Participant: 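The following block contains the structure, expressed as structure tokens.
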Amino acid sequence: MANVVELSVPKSNSKIRVQTGLFINNDFVPSVDNIEPIRVYNPSTEEELCTVTAASAKDVDIAVAAARKAFRETWGKNVSGFERSRLINKLADLMERDKQTLAELECLNNGKPVKIARDFDIGDSIGCLRYYAGWADKILGQSIEIDHKTKIAITHPEPVGVCGQIIPWNYPIQMWAWKVAPALAVGCTIVMKPSEITPLTALKLSELVKEAGFPPGVINTIPSLGSVGGLALAAHRGVDKVAFTGSTVTGRKVMEAAANSNLKKVSLELGGKSPQLVFASADIEQAANWAALGILYNTGQDCTAGSRLYVQDNIYDKFVATLAAKAKELVIGDGFDERSGGGPVVSKTQYDRVWSYIESGKKQGARVIVGGERRTTPGYWVDATIFTDIRPDMKIVEEEIFGPVLSVGKFHTEQEAIDLANDTTYGLAAGLHSTDQAQCHRVSSALEAGTIWINQYNVLYNNVPFGGKKQSGVGRELGSHALDEYISTKAVHWNYGENIEWPL
Ligand SMILES: NC(=O)C1=CN([C@@H]2O[C@H](COP(=O)(O)OP(=O)(O)OC[C@H]3O[C@@H](n4cnc5c(N)ncnc54)[C@H](O)[C@@H]3O)[C@@H](O)[C@H]2O)C=CC1
Ligand code: BAL
């Protein structure tokens, strides 16, 4: 019997019960190896919340075997699209029922405010499950005419098989939904490795998976260190596909492990250093709102964070003053306080990392116009920080920070803006603010990124594909495109009338 913890919810008398074992074959089980459990912290207080069982490489083998058995016997081609749809919808209903608890748990473990987790992350995740539930009975093959009298070819979009899914800590529930929903819709089975920093909501969701009625082994959850369980999944010969969200450095390792093992199918959603361009014709108030949202949402811990902002020189002073005032308005604070619009960064490691960038920005000569000062209270707090007077060679301009830290520069011509925006190894997202329609078309076409936002930023929809160019990723999530990542198309060539002479 694996362990259970009861976590107190601040500012209420309630407790959240979480099973902390590995979820394999619809049961919470201990590890077969006696490896050190994972310590889980509350980033708002720095206090340890609990420990959870850490999967070893042998546990990964067991979870993969469970997923394989389910794929062969109860899921995969053994279950209709209607039934997959029904179960995914049921899971969405259970998430809807439990969204307050899930949001409180996400807040405890990740730090993000309860209201943001509930109304955005979880609301969107429920929508994601329902969107793919809608697809489950509409995954169609083709019949391809070869010769009307003798031959036809038929394509079958088959589920690729057992999927290893490795997710990060910045959106623990939402990244879970983005991965799980399309995989289930097409009939794949799953071994999910949540981040070792934020495993609690994936474990809680596993309880809902069982309650929804998914057969054992369809979704297995194995908290583990990346270098142990993550690597073991990426390198596993029994895994047919690995889907990863996280840093570009780790994504490269995942691809290498896939290539060096069984050449499994790989999709990678990686980092970014996304630009936002503000042209002279932009609505300054609105552009400043979106720019602030772009860098401050989720305390900047967002792969699409608009962390480089370039403003046309003739509106620069006015725009920067407006943006600075707006950045100061956001309350970064206790996630159980309804006034908070952002929480702490997720861990001590991230705290040190973000502050090292802020210090490097100061040292390299950029000017801090907002924030840049540490708090003295416990918790991994980083307030909105805006740098101006930047140069392209500064670390804060070149590297992904993953915190609420914005670098602001200026441009004179449209081409200069495009060149600055594209001057990065990343290509995840970019934003532009302009009321000149021809300019919107020209610039969005020239920007090298998988997602372009015009007069908005950081809004995603479950029916619109999402993914990166350049070193920001491979493959697409969301929309119908995500289904392709979990499908292996089989072509059946059928001869019902052509005879051949032999030898040729
Ligand atoms: N694109 C995104 O959404 C994310 C980007 N990042 C970036 O990465 C930086 C570092 O954060 P980390 O937590 O270290 O990211 P990471 O990329 O190492 O972690 C993401 C996931 O990968 C797993 N992992 C780690 N090493 C692995 C390996 N060798 N094989 C397979 N899986 C492995 C982790 O356990 C976690 O589940 C952040 O500061 C940020 O810049 C981090 C999280 C999400
Ligand atoms: N906001 C898109 C998902 C991510 O940051 O990983």
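Residue indices begin at 1 and follow the sequence shown. Counting starts at 1 for both ligands and their atoms, in listed order. Note that the structure is predicted; figures quoted are calculated from it, not measured.
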Participant: Any side-chain donor-acceptor pair under 3.5 Å between N458 and T304?
Facilitator: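 A donor-acceptor contact under 3.5 Å links the two side chains.
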Participant: What residue and heavy atom of the protein are closest to atom 39 (O) of ligand 1, and at what distance?
Facilitator: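 Here the nearest protein heavy atom works out to R353 NE, 2.8 Å.
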Participant: Is it true that S267 and K241 share a donor-acceptor pair across their side chains at a distance under 3.5 Å?
Facilitator: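 Side chains of K241 and S267: pair found under 3.5 Å.
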Participant: Please determine which of L105, L108, V5 meets the side chain to side chain contact (heavy atoms under 4.5 Å, CB included) test together with L200.
Facilitator: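 Of the listed options, the one satisfying the test is L105.
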Participant: Is W169 close enough to touch ligand 1? Criterion: a residue heavy atom under 4.0 Å from a ligand atom.
Facilitator: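 Yes, that is the case, since the closest heavy atom of the residue is under 4.0 Å from the ligand.
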Participant: For residues 446-454, run the donor-acceptor check on the side chains, cut-off 3.5 Å, and write out each pair with its distance to 0.1 Å, sequence neighbours left out.
Facilitator:
residue : atom : partner : partner atom : Å
E448    : OE1  : K470    : NZ           : 2.7
W453    : NE1  : V459    : O            : 2.7

Participant: Please work out which of the three classes, parallel, tilted or perpendicular, describes the rings of Y297 and F120, given edges at 30° and 60°.
Facilitator: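 Rings of F120 and Y297: perpendicular, as their planes differ by over 60°.
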Participant: Could you tell me whether a side-chain N or O of N262 sits under 3.5 Å from a main-chain N or O of R237, the two making a donor and an acceptor?
Facilitator: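 The answer is yes, because a donor-acceptor pair under 3.5 Å joins these two groups.
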Participant: Would S31 and D59 count as having a side-chain donor-acceptor pair, cut-off 3.5 Å?
Facilitator: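 Judged by distance alone, the side chains do pair up.
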Participant: Nearest protein heavy-atom contact for atom 23 (C) of ligand 1: which residue, which atom, what distance?
Facilitator: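 Result: I166 CG2, 3.7 Å.
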Participant: Can the ring centres of W178 and Y171 be said to be less than 6.0 Å apart?
Facilitator: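 Between W178 and Y171, the centre distance exceeds or equals 6.0 Å.
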Participant: For residues 399-409, tabulate all N or O donor-acceptor pairs below 3.5 Å that involve a side-chain atom, not counting sequence neighbours.
Facilitator:
residue : atom : partner : partner atom : Å
E399    : OE1  : Y357    : OH           : 2.6
E400    : OE2  : G272    : N            : 3.0
S407    : OG   : I396    : O            : 3.4

Participant: Return yes or no for this condition: an N or O of S224 is under 3.5 Å from an N or O of ligand 1.
Facilitator: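 Looking only at distances, the answer is no, because the N/O contact criterion of under 3.5 Å is not met.
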Participant: Counting both backbone and side chain atoms, is some N or O of F402 under 3.5 Å from an N or O of ligand 1?
Facilitator: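 The answer is no, given that F402 and ligand 1 share no N or O pair closer than 3.5 Å.
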Participant: Start with the C-alpha gap between E106 and R118, add the side-chain angles, then the distance that decides, and say whether salt bridge (Lys or Arg N to Asp or Glu O under 4.0 Å) holds.
Facilitator: CA-CA 9 Å; E106 195 82 317; R118 182 189 58 227; over 6 Å; no
Participant: Out of L231, T248, T245, T304, whose heavy atom is nearest to atom 30 (N) of ligand 1?
Facilitator: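 Checking each option, the heavy atom nearest atom 30 (N) of ligand 1 is found in L231.
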Participant: Can you confirm, on distance only, whether ligand 1 has an N/O atom lying under 3.5 Å from any N/O atom belonging to F244?
Facilitator: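 The answer is no, given that F244 and ligand 1 share no N or O pair closer than 3.5 Å.
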Participant: Strictly distance-based, threshold 3.5 Å: is any side-chain N or O of N220 a donor or acceptor partner for the main-chain N or O of I190?
Facilitator: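 Flag set: sc N220 to bb I190 pair under 3.5 Å.
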Participant: Decide whether an N or O pair under 3.5 Å exists between K253 and ligand 1.
Facilitator: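 Among all N and O atoms of K253, none is under 3.5 Å from an N or O of ligand 1.
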Participant: Return the residue, atom name and 0.1 Å-rounded distance of the protein heavy atom closest to atom 11 (O) of ligand 1.
Facilitator: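 Protein heavy atom at minimum distance: Q350 OE1, 3.7 Å.
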Participant: Considering non-hydrogen atoms of the protein only, which is the closest contact for atom 8 (O) of ligand 1, and what is the distance?
Facilitator: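 Residue, atom and distance for the closest contact: S247 CB, 3.0 Å.
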Participant: For atom 36 (C) of ligand 1, what is the closest protein heavy atom, and at what distance to 0.1 Å?
Facilitator: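 It is I167 O, 3.6 Å.
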Participant: Would you say L225 and ligand 1 have an N/O pair spaced under 3.5 Å apart?
Facilitator: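 N/O-N/O distance under 3.5 Å: no.
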Participant: Do any nitrogen or oxygen atoms of G226 come within less than 3.5 Å of a nitrogen or oxygen of ligand 1?
Facilitator: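 Min N/O separation from ligand 1 is below 3.5 Å for G226.
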Participant: Identify the protein atoms, limited to N or O, that lie within less than 3.5 Å of an N or O atom of ligand 2, and list each pair with its distance to 0.1 Å.
Facilitator:
residue  : atom  : partner : partner atom : Å
ligand 2 : 1 (N) : D302    : OD1          : 2.7
ligand 2 : 5 (O) : N170    : ND2          : 3.2
ligand 2 : 5 (O) : D302    : OD1          : 3.0
ligand 2 : 5 (O) : C303    : N            : 3.0
ligand 2 : 6 (O) : E269    : OE1          : 3.4

Participant: Atom 35 (O) of ligand 1: which protein heavy atom is closest, and how many Å away?
Facilitator: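 Going by distance alone, atom 35 (O) of ligand 1 is nearest to E196 OE1, 2.5 Å.
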Participant: Counting non-hydrogen protein atoms only, what is the nearest one to atom 32 (N) of ligand 1? Give residue, atom name and distance.
Facilitator: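 Checked against all protein heavy atoms, atom 32 (N) of ligand 1 sits closest to G230 CA, 3.5 Å.
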Participant: Would you find a donor on one side and an acceptor on the other, under 3.5 Å apart, between the side chain of N26 and the backbone of F214?
Facilitator: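 It does hold such a pair.
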Participant: Just jot down the salt bridge (Lys or Arg N to Asp or Glu O under 4.0 Å) partners of R476, sequence neighbours excluded, or say none.
Facilitator: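 Once residues adjacent in sequence are excluded, R476 has no partner under the salt bridge (Lys or Arg N to Asp or Glu O under 4.0 Å) criterion.
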Participant: Regarding ligand 1, does T250 bring an N or O atom to under 3.5 Å of one of the ligand's N or O atoms?
Facilitator: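 In this structure, T250 places an N or O atom under 3.5 Å from an N or O of ligand 1.
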